[in-house]
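Comments concern the structure below.
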Amino acid sequence: MQVVMATSPAKPDQPNEDFTGAVPNAVVLLDGAGVSGTTSTCLHGVAWYTRRLGGALLGQLAADDGQDLTAILGQAIAQVADTHRDTCDISDPSSPSATVTIFRIDDDRADYLALADSVLVLDHVGDAPEVITDGRVDAVGSRYRAAMDAAPNGTVEHDRALREYIEALRAHRNQPGGFWVAADDPGVAAEALTGSLPVSGVRGAVLLSDGASRIVDHFALADWPAVLALIAVEGPAEIIRRVRAAEAGDPHGRRWPRAKASDDATLAACTRFAARQAPAGSGLAPWRT
């Protein structure tokens, strides 16, 4: 499998709370949840959490043992929780959390998992792209964001409304009727969207944090076929460049109301993962490109 990645922090002087990484047969992308200025019960921070969880996921995926993706996610959440449960109140809703998106090739099958609102786009052979994302975060958030959207970014009013919005969301985190993210409870892995499909029917896959997917789902500057075409020609960094240009042209969120004027933006584009057989009589095992 060939993977090309690009990532950019929301601001040069702030840590990037997204994470993406790959092993030969799989890719993961995480988008950390947390807002500057809000109180957290964790000493380590959101960027630390996404890097630890992303690393734990890659370690398990590297085993290439065909384990169910929900089991892999649950084990990784438990592993990271164990590293800081003695120093932090990890069960508190203010503790770090993250979206999780996984795409894996397992012989002639492609598997995926999506937890929370990052985006996976499957480029199907001979058909329109399929967009997979967990919409429960947005469904809950839409109830509480009116005041935040009404205030221009960068104002005292917006900052206050953003803090109130985050506090409102926290009450619904990992609760029935709310939304689910990776945090301290391995059981949330069972809430992820999962699926499998034949590799032969997929030409490519792109994983995006919501800071990158806003080129389509918030700014409406392109549709998904256009994004896939642009990545194929100019690479994933061009998507981020266009997102940053749109953000710079609307710094106060008057055209596109949003929680953050700029957000961490990350993409991982996957291609060339069709299984191939070694030549007959060569004695070699099947290999992938």
Side-chain angles (χ1 to χ4, degrees), residues 10 17-18 29-35 38 46 49-50 53 69-70 73-74 77 91-103 112-122 128-151 153 158 160-195 206-224 227 243 253 255-266:
E17 295 173 345
D18 287 353
L29 185 145
L30 289 77
D31 183 351
V35 174
T38 61
V46 175
Y49 180 78
T50 55
L53 183 59
L69 292 182
T70 56
L73 175 56
I77 291 172
S91 64
D92 189 280
S94 69
S95 62
S97 61
T99 74
V100 178
T101 307
I102 305 173
F103 180 78
Y112 65 82
L113 177 149
L115 182 69
D117 61 348
S118 292
V119 174
L120 170 66
V121 182
L122 300 175
E130 179 182 3
V131 180
I132 298 162
T133 187
D134 182 348
R136 287 172 287 188
V137 177
D138 289 340
V140 172
S142 64
R143 307 176 207 164
Y144 303 105
R145 61 179 305 134
M148 179 181 67
D149 289 342
N153 289 86
H158 184 273
R160 180 173 60 248
L162 175 57
R163 287 191 294 270
E164 292 171 354
Y165 171 74
I166 295 299
E167 292 298 333
L169 282 187
R170 284 174 175 171
H172 299 275
R173 190 185 88 164
N174 293 346
Q175 297 293 327
F179 62 93
W180 306 88
V181 290
D184 66 302
D185 179 8
V188 304
E191 299 291 338
L193 307 180
T194 59
V206 181
L207 294 72
L208 307 94
S209 66
D210 65 351
S213 68
R214 58 174 49 177
I215 191 173
V216 173
D217 55 33
H218 200 77
F219 297 158
L221 298 176
D223 58 15
W224 288 116
V227 166
V243 166
R255 180 178 180 185
W256 297 301
R258 53 198 188 272
K260 302 176 183 179
S262 294
D263 196 4
D264 300 332
T266 303

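For Asp149, the salt bridge (charged side-chain N to carboxylate O under 4.0 Å, His left out) criterion is met by Arg145, not counting sequence neighbours. Every residue two or more places apart in sequence or in another chain that forms a side chain to side chain contact (heavy atoms under 4.5 Å, CB included) with Ala98 is listed here: Leu30, Tyr49, Thr50. Residues meeting the salt bridge (charged side-chain N to carboxylate O under 4.0 Å, His left out) test with Asp263, sequence neighbours left out: Lys260. Under the rule for a side chain to side chain contact (heavy atoms under 4.5 Å, CB included), the partners of Val216 that lie at least two apart in sequence or sit in another chain are Trp224, Val227. For Phe219, the ring pair (Phe, Tyr, Trp, His ring centres under 6.0 Å) criterion is met by Trp256, not counting sequence neighbours. With sequence neighbours excluded, the residues satisfying salt bridge (charged side-chain N to carboxylate O under 4.0 Å, His left out) with Arg136 are Asp134, Glu191.
Residues Thr70 and Thr194 come closest through the heavy atom pair CG2-CG2, 3.7 Å. Here the closest heavy-atom approach between residue Asn153 and residue Arg258 is recorded as ND2-O, 3.2 Å. Between Ala182 and Val188, the shortest heavy-atom contact is CA-CG2, 4.3 Å. When all heavy atoms of Val181 and Asn174 are compared, the closest pair comes out as N-OD1, 2.8 Å. Shortest non-hydrogen contact noted between Ser209 and Asp18 is OG-OD2, 2.9 Å. Taking every heavy atom of both residues into account, Ala265 and Ala212 meet most closely at CB-N, 3.9 Å.
Taking CD from Glu164 and CG from Leu169, the interatomic distance works out to 12.5 Å, rounded to the nearest 0.5 Å. Here Ser97 contributes atom OG and Asp184 contributes atom CG; the two are 10.0 Å apart, rounded to the nearest 0.5 Å. In this structure, the separation between CG on Leu113 and CD1 on Ile102 is 5.0 Å, given to the nearest 0.5 Å.
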Pair Leu53, Val100 - check side-chain contact (heavy atoms from CB on, under 4.5 Å), show working. CA-CA 9 Å; Leu53 183 59; Val100 178; 4.1 Å; yes
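No hydrogens or angles considered: nothing links the side chains of Tyr165 and His158 as a donor-acceptor pair under 3.5 Å. When only modelled atom types and interatomic distance are considered, Asp31 and Ser118 share no side-chain donor-acceptor pair under 3.5 Å. Using modelled atom types and a 3.5 Å distance limit, the side chains of Ser95 and Arg173 yield a donor-acceptor pair.
The closest donor-acceptor contact from the side chain of Thr99 to the backbone of Leu115 lies at 3.5 Å or more, if one exists at all.
In this structure, the side chains of Arg214 and Val243 come closer than 4.5 Å at one or more pairs of heavy atoms. The shortest side-chain heavy-atom distance between Thr133 and Leu120 does not fall under the 4.5 Å cut-off. Within the 4.5 Å cutoff, the side chain of Asp210 has no heavy atoms near those of the Leu208 side chain. By the 4.5 Å heavy-atom criterion applied to side chains, Arg143 and His172 are counted as neighbours. You'll find the side chain of Tyr112 reaches within 4.5 Å of the side chain of Leu122, heavy atoms only.
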